[in-house]
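To start, the structure under review is shown below, and the notes come after it.
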There are 2 protein chains.
Amino acid sequence: MFKSKDKIYLSCNFCKRSVMDNLKNATDSSTEEKIKNAARTVFHKKGFAASRTRDIAEEAGINLALLNYYFRSKEKLFVLVMIETLTEFFGSVSVIINNPETSFEEKIEQFAAGYIDLIFREPDIPLFIMSEIRNNPEQLLQKVDIRNTVFNSVFTCQFNEAVQQGKIKDQNFIHFMMNFIGLIVFPFIGKPLLKVISGLTEEQFNALIEERKKLIPVWIKAMMNSH
Amino acid sequence: MFKSKDKIYLSCNFCKRSVMDNLKNATDSSTEEKIKNAARTVFHKKGFAASRTRDIAEEAGINLALLNYYFRSKEKLFVLVMIETLTEFFGSVSVIINNPETSFEEKIEQFAAGYIDLIFREPDIPLFIMSEIRNNPEQLLQKVDIRNTVFNSVFTCQFNEAVQQGKIKDQNFIHFMMNFIGLIVFPFIGKPLLKVISGLTEEQFNALIEERKKLIPVWIKAMMNSH
DNA sequence: ATTTATTTTAATCAAACGATTAAATAAATT
DNA sequence: AATTTATTTAATCGTTTGATTAAAATAAAT
């Protein structure tokens, strides 16, 4: 029991192999990938506590025992999904905010549009991350170095330069990032509530968010010069 | 078994008594109030699925059976907590945004400051509402008429007046509300993540949010005139 | 003082759930 | 072809968990 598979997939916390190696090795049609995709879907939608391993197995079209054979436990499978999700979610930012070719303003536009597109493809991710990280923040977040991604970025440098050159007013970078990310992400997090409040249909609401790709950069620039 | 208590506390969905009547009747020290407060704490912190009725009973300092005696089931207790939470959370807005004495700008300031204070007292509420409502939005939200509270408010009228009088540019009210609420609420929802990203301590982070009471109105006004 | 009603508890049930086992089948290796 | 290794399944184990029961303790009423 738990032979070679065990070494590859379950020792990721201890062995030298990175999660990314495992990702590359697995084909989309392979059983472990099927299970992981199913787990992703179910966890994202319901969260850890409300997800049943039987539901994940059914979603993957396999037996419950197989899930435990590959991933040993619900929790280990969850951690794997969480790492992949965080990596995807913050990795895609990294490309945009570290592009040396684009200006500060261009990055703001690309960031807003790119992120809204990303969340449109997987709208459950923001609420999933926020609510699951609440339980054990440091344990889950230490696996993906988000802080470094954000603070040592070209984007951050360009922000500081713009302040020094007097192009934008001097202001707290954390406030700026909170506002920027909040404007992008909040409509997705608050969607169920906001739909009821606004009385909009799914399509109307999505159209509104689509508009925000253009609007958020305008708003953010106005905010930056309002102090 | 399930005698007079039953009629009062468990038939709230069917009988003529409102939830508010029950609230008034119960003293803070009474057993049912102790249970409800404990349920509130646990549900707010962990969400429905991760909360155990045994934990709630322990938090309340009573036996598990007593919880079911008073509230009949975990789910009924949860619905009660959710209604109270929504009522409190959106009721407190109502006072501010329907005050006929204050101007549009004053309401923005009071709304921001008042809401940040409210969430400071109960910081788990925003994420609790967002994540729990995702599962059955209409069922939970139909119990509190939020849409009416927002759209038929003095605040909404004053917004429309300001647009007509050319004081602010013509813009989508839904966008405006999403931005406004998002700026207030998102730092609390994203707190675990934002703390790690920023590297700030609890106190530093709270101080930052405190600043936002003054900053958000400034930002919002800048945004409103940026189209 | 006795009955009646209410409040509280310990013990336990039944279903749900995560995990395991052992056995069967398929694939790969020698 | 024989043997080992990998994949898949049915059956089931042990806990957890929501809910119930019956009875004890307390309070209220007659």
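Just so it is clear, the structure is predicted and the values come from calculations on it, not from any experiment. All values below were derived from every heavy atom in this structure, side-chain atoms included, with hydrogens, water molecules and symmetry-related copies excluded. Here is the naming used below: chain letters follow the sequence lines, and residue numbers restart at 1 for every chain.
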Quick note, ring pair (Phe, Tyr, Trp, His ring centres under 6.0 Å) partners involving residues 133-153 of chain A, not counting sequence neighbours, are Phe151(A)-Phe173(A)

Every stem of 3 or more Watson-Crick or G-U pairs under 3.5 Å that DNA chain D joins, in order of first number, is C:1-30 with D:1-30

When every non-hydrogen atom of Phe128(A) is compared with those of Phe43(A), the smallest separation belongs to CD1-O, 3.3 Å

The reported gap from OG in Ser92(B) to CZ in Phe90(B) (rounded to nearest 0.5 angstrom) is 9.0 Å

Residues at least two apart in sequence or cross-chain that pass side-chain hydrogen bond (donor to acceptor under 3.5 Å, both in side chains) with Gln110(B), listed by chain then number, are none

Whole-Å distance, Leu67(B) CG to dA19(D) C1', equals 10 Å

Salt bridge (Lys or Arg N to Asp or Glu O under 4.0 Å) pairs touching residues 175-185 of chain A, sequence neighbours excluded, are none

Residue set satisfying side-chain hydrogen bond (donor to acceptor under 3.5 Å, both in side chains) with Glu202(A), at least two apart, ordered chain then number -> Lys191(A), Lys195(A)

Rounded to whole Å, OH of Tyr69(A) lies from P of dA10(D) at a distance of 17 Å

The complete set of ring pair (Phe, Tyr, Trp, His ring centres under 6.0 Å) pairs with one or both residues in residues 189-215 of chain A, sequence neighbours excluded, reads none

Nucleotides 24-27 of chain D: which of its N/O atoms have a protein N/O under 3.5 Å away?
none

Taken to the nearest whole Å, CD1/Ile35(A) to C1'/dT7(D) is 11 Å

Atom CG of Leu64(B) and atom C1' of dT21(D) are separated, to the nearest Å, by 13 Å

By side-chain hydrogen bond (donor to acceptor under 3.5 Å, both in side chains), Ser198(A) pairs with (sequence neighbours left out) none

Between NZ of Lys76(B) and P of dG18(D) the distance, given in whole Å, is 15 Å

task: May I ask you to evaluate whether Tyr70(B) reaches the phosphate of dT8(C), defined as a side-chain N or O under 4.0 Å from OP1 or OP2?
output: yes

Those residues at least two apart in sequence (or on a different chain) that pass salt bridge (Lys or Arg N to Asp or Glu O under 4.0 Å) with Glu122(A) are Arg40(A)

Arg134(B) meets the side-chain hydrogen bond (donor to acceptor under 3.5 Å, both in side chains) criterion, sequence neighbours left out, with none

Taken to the nearest whole Å, CG/Leu77(A) to C1'/dA19(C) is 14 Å

Separation of dT12(C) atom C1' from Asn68(B) atom CG, nearest Å, is 14 Å

Per the under-4.0 Å heavy-atom filter, residues of residues 51-63 of chain B near DNA chain D come out as Ser51(B), Arg52(B), Thr53(B), Arg54(B)

So side chain to side chain donor-acceptor pair (under 3.5 Å) across residues 58-67 of chain B, not counting sequence neighbours, yields none

When rounded to whole Å, the CZ to C1' distance for the pair Phe78(B) and dG18(D) reads 16 Å

Please determine whether a side-chain nitrogen or oxygen atom of Ser73(A) lies at a distance below 4.0 Å from atom OP1 or OP2 of dG18(C). no

